[in-house]
Amino acid sequence: MKVRKNIYLYLVVIIALIYIILLTILYCSESANSDATIRTLGDAFWYSLVTLTTVGYGDLIPVTPLGHAVGMVFLLLSAGIMVTLLGAVVSFITSEGLPFLMLGLQRHKNWYYFADCEVESNTLAANIYKEDSNALIIYGEKRSSQRELPDYPCIYVSASPDRIVAKKENTGTKCKVFLMKENDIGVNSRAVNLHKLPVEVYARTSNGQDKLSGNINFFHSDECCARQYWRSKPLCGHENTIVLIGFGNYGQSILERAILTNIISIEQHVAYHIFGNAGEFLAIHYRLGELFSLNEVSLTRDSLIFHDEAWVENRSLLEQADRIIICEDDEQAGWSIFWSLNKYYRVPGRIDLRSSRKAPGISYFGANEDIYTPRQIIRTDLNKAAVMINELFRRSVSYPTLSWNELDDFHRQSKIAAADHLLMKTRVLLNDETITELTASAVKKAYDTYRKTGYLETAREKYRKLDHIRWLRFYIFYNWSYGPDRDDEAKQHPMLCPYEELTPEQRKERDAAWELMGNISVELE
C-alpha cells in the first residue's frame, strides 16, 4: 500500500513538472513576439486552462511556431484529461471515496457500525435511530441493487471496523460495532482484532457467556426473547398448567427464565409440560429434581413434565392448559402448529406464538422489532436494576467487592435473576397482575406495602420463604449443592437447604432482597 502511494506521488510530481515546463516554453516563445496576445505567465496559464478544459474562448491564441506546438500538445491532452476527470468523479462516487468523505463530515455524530445489512441489522439500526436522533448508521458492505433503501439515514461503505474507527479520530462518542449474524465473530474476517479497538462490540451467538474480553459483549436471541416474553406476559396466579411446544434454543430459554423468575407464591404448584427433546437439558441441569417434581404432577410444588410423545397425541392436556407457548426454533413449524391448534382443538387457554414478525389479532412474542432493540442488545437499560443491585450490595458491605464490569458470568446472571424477579415481587406486594413494567412509582408503592406488612410475623415469613425459593432455584439450576461453608469452586453453599432448616440469622438474610426495593425505587427515579 505504501509503495503504491509513493508511485502515485512520483507520477503527480512528474506531470506537474512537465506542465510547468510547457507553460514556460509557451510564455517565453510568445512574449518575445510583438503580435502575440499571450504576454505574461498568467496569460499562458489561462490559455492552457481554457484549452485543456475544451472551453476554447479564443481570447488568447499562440502565434509563434513553438507556441503552436505547445498549443497542439494541450489540445491533444484535453480529451484525455476530460475522460480522466470524468472517470475520477465516477470512481469517487461509486467507490469508497464519497462515503468516506461523508463520514469525515459527520465525526461528531454517534456511530453505529454493522458488519452486514440483513433483516436483524436493519431492525436494530431502525430502533437505534428512533432512540438516538444523532445516530449515524454505517453498513460495512455495499448496498445491493435489490435491497430497498432504509427509512433512516445510513452510509454503505465496504470497509472493516478498524478503518471506520480510524476515520472517527476519537471525536465524540466511541463507535459501537454490531455483528448480527449468529456466531459471526468466529468466522467473519472483519472480527479479527476487534478486541484491540477502542469500541464496544456486540456479537450475536448461540452459545457461550455474555463476555469474551473487555469490549466484546455477546447476546443470545433466544435469551432476549425469553426475557421479553416473561416480562410482557408474566405468570398469573390462576395459571397452573403451562404447555411448551418446541424445546430447541428458544424453548429451553423460555423454560430457564420460568424456572428462575416465575415464583409468585409459596403455595404455587405450576406444572410445565414440555414437548421436545429434553435429554441434553436434563443431563446438564441434573439437580432440578431436588426442587421440582419431575415427570409427575405435584400439588405441593412446581412440576416439570417432559413428554416423549408428540403434542398432537395429548388432546386432553391441550384442552385443560391455562397457557400454551409455541416456541419452535423453526418459525414456520410454529405457525403450522398454531393453525392446527386453532383449527382442530378446543383450547380455552391462551396460545402464545413466537413470531419474528408482528401478527395482528394473535398473541405473539419475539418479533424482531421487540428483540433487536438497544435495550435488549446493548442492555444498558435492561440490566439497569441488576447493576443497581450489585452497586447497592457493594455499598452495604465493608469488604472489597467487584463492580458490574468485573463480575464473571455466573455472578452477573445471579444479579439479573434477582432483578428480573423484582417485577414479580412488585406484583405480589401490590396484588396487581396488570403490572408489566418495573417503574419507580410501582416499586415505591410495593416497598411501602412491604414496610407496612413486613413487621407481621406471618407476612415476614412468607416474604422470606418466597425469596429463598427464588434463590434456591438459581443455585440448583447451576448445579450447586449444600456444603457447610461456601466454596465457589466446589459449587457448595451452606444455605442450599429447605427454608425450615435455615438458622434465624440465615432467614433474616432473605430480608435484604425486599429491603433493596426502597433503594431501587429511588435509583429508578
Side-chain angles (χ1 to χ4, degrees), residues 90-168 171-185 188-191 194 197 199-205 217 219 221 224-225 228 331 354-360 364-382:
V90 172
S91 176
F92 180 77
I93 293 174
T94 57
S95 69
E96 298 173 2
L98 184 59
F100 268 95
L101 175 63
M102 294 172 67
L103 285 174
L105 296 174
Q106 301 182 75
R107 289 192 183 96
H108 63 283
K109 290 194 171 185
N110 302 324
W111 288 14
Y112 300 88
Y113 172 93
F114 290 84
D116 66 85
C117 47
E118 300 303 324
V119 174
E120 294 84 359
S121 299
N122 178 61
T123 304
L124 177 57
N127 281 325
I128 286 173
Y129 190 74
K130 286 177 186 176
E131 297 184 15
D132 183 2
S133 58
N134 198 39
L136 177 63
I137 307 299
I138 305 165
Y139 286 117
E141 63 182 30
K142 293 183 178 180
R143 185 176 77 88
S144 167
S145 58
Q146 286 78 30
R147 186 178 291 119
E148 293 183 8
L149 282 173
D151 296 330
Y152 49 84
C154 61
I155 292 176
Y156 292 88
V157 52
S158 183
S160 59
D162 54 336
R163 290 186 63 192
I164 298 297
V165 172
K167 193 68 178 177
K168 191 78 159 72
T171 304
T173 59
K174 291 181 179 179
C175 179
K176 288 183 172 61
V177 175
F178 299 91
L179 286 84
M180 300 297 291
K181 290 182 179 178
E182 204 162 77
N183 301 320
D184 204 22
I185 198 165
N188 193 328
S189 59
R190 290 183 175 175
L194 276 179
L197 297 179
V199 296
E200 285 295 311
V201 180
Y202 299 89
R204 183 181 172 199
T205 183
N217 304 279
F219 67 92
S221 297
C224 292
C225 179
Q228 184 257 345
E331 194 172 322
R354 186 184 79 81
S355 173
S356 62
R357 60 186 186 277
K358 292 187 175 181
Y364 67 90
F365 66 96
N368 285 340
E369 293 92 331
D370 299 326
I371 300 302
Y372 300 112
T373 66
R375 174 182 171 86
Q376 291 275 22
I377 307 306
I378 300 176
R379 287 174 289 191
T380 303
D381 292 332
L382 183 64

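Residue numbers count from 1 along this sequence.
With contacts defined as side-chain heavy-atom distances shorter than 4.5 Å, the pair Gln106/Ile155 qualifies. Looking at Pro161 and Val201, their side chains never come closer than 4.5 Å, going by heavy atoms from C-beta outward. In this structure, the side chains of Ile137 and Phe114 come closer than 4.5 Å at one or more pairs of heavy atoms. Residues Ile164 and Ile138 form a side-chain contact, since some pair of their non-hydrogen atoms from C-beta on lies under 4.5 Å apart. For the pair Phe178 and Asp184, the minimum side-chain heavy-atom distance is 4.5 Å or more. For the pair Ser221 and Tyr372, the minimum side-chain heavy-atom distance is below 4.5 Å. A 4.5 Å side-chain heavy-atom check between Asp116 and Tyr139 finds every atom pair outside the cut-off. Counting heavy atoms from C-beta on, the side chains of Glu118 and Met180 never come closer than 4.5 Å.
Minimum heavy-atom separation, Cys224 to Ile377: SG-CD1, 4.4 Å. The heavy-atom pair separating Cys225 from Gly366 by the smallest distance is SG-CA, 3.8 Å. Nearest heavy atom pair, residue Val177 against residue Val199, reads CG2-CG2, 4.0 Å.
The line from CG of Leu149 to SG of Cys154 is 7.0 Å long, rounded to the nearest 0.5 Å. Atoms NZ and OG1, from Lys109 and Thr171 in turn, are 14.5 Å apart once rounded to the nearest 0.5 Å. If you take CG on Asn110 and CD1 on Ile128, they are separated by 10.5 Å, rounding to the nearest 0.5 Å. Residue Glu369 holds its CD atom at 8.5 Å from OG of Ser356, rounded to the nearest 0.5 Å. Atoms CG and OG1, on Asn183 and Thr205 in that order, are 4.0 Å from each other to the nearest 0.5 Å. Atom-to-atom distance recorded for Leu136:CG and Lys168:NZ is 8.5 Å, nearest 0.5 angstrom.
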Applying side-chain hydrogen bond (donor to acceptor under 3.5 Å, both in side chains), run through Asn134 and Tyr129 and close with a yes or a no. CA-CA 8 Å; Asn134 198 39; Tyr129 190 74; over 6 Å; no

Working note: Tyr364 + Asp370, criterion side-chain contact (heavy atoms from CB on, under 4.5 Å); need CA distance, chi angles, decisive distance, verdict. CA-CA 11 Å; Tyr364 67 90; Asp370 299 326; 4.2 Å; yes

Intermediate values then yes/no, side-chain contact (heavy atoms from CB on, under 4.5 Å), Phe100 and Val157: CA-CA 8 Å; Phe100 268 95; Val157 52; 3.4 Å; yes

Run the side-chain contact (heavy atoms from CB on, under 4.5 Å) check on Val119 and Asn368 step by step: do they pass? CA-CA 9 Å; Val119 174; Asn368 285 340; 3.6 Å; yes

Can you list the steps and then say if Phe219 with Ile378 is a side-chain contact (heavy atoms from CB on, under 4.5 Å)? CA-CA 9 Å; Phe219 67 92; Ile378 300 176; over 6 Å; no

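For the pair Arg163 (side chain) and Ser160 (backbone), a donor-acceptor distance under 3.5 Å is absent.
Side-chain atoms of Asp132 and Tyr112 form a donor-acceptor pair, as typed in the model, at a separation below 3.5 Å. A donor-acceptor pair shorter than 3.5 Å cannot be found between the side chains of Asn127 and Thr373. If you check the side chains of Asn122 and Tyr152, you find a donor sitting under 3.5 Å from an acceptor.
With Trp111 as the partner, the side chain to side chain contact (heavy atoms under 4.5 Å, CB included) test is satisfied by one option alone out of Lys176, Lys167, Lys174: Lys167.
In summary, Arg357 and Glu331 engage in a salt bridge, as defined by a charged side-chain N under 4.0 Å from a carboxylate O. The pair Glu182-Arg204 meets the salt-bridge criterion, with a side-chain N (NZ, NE, NH1 or NH2) lying under 4.0 Å from an Asp/Glu carboxylate O.
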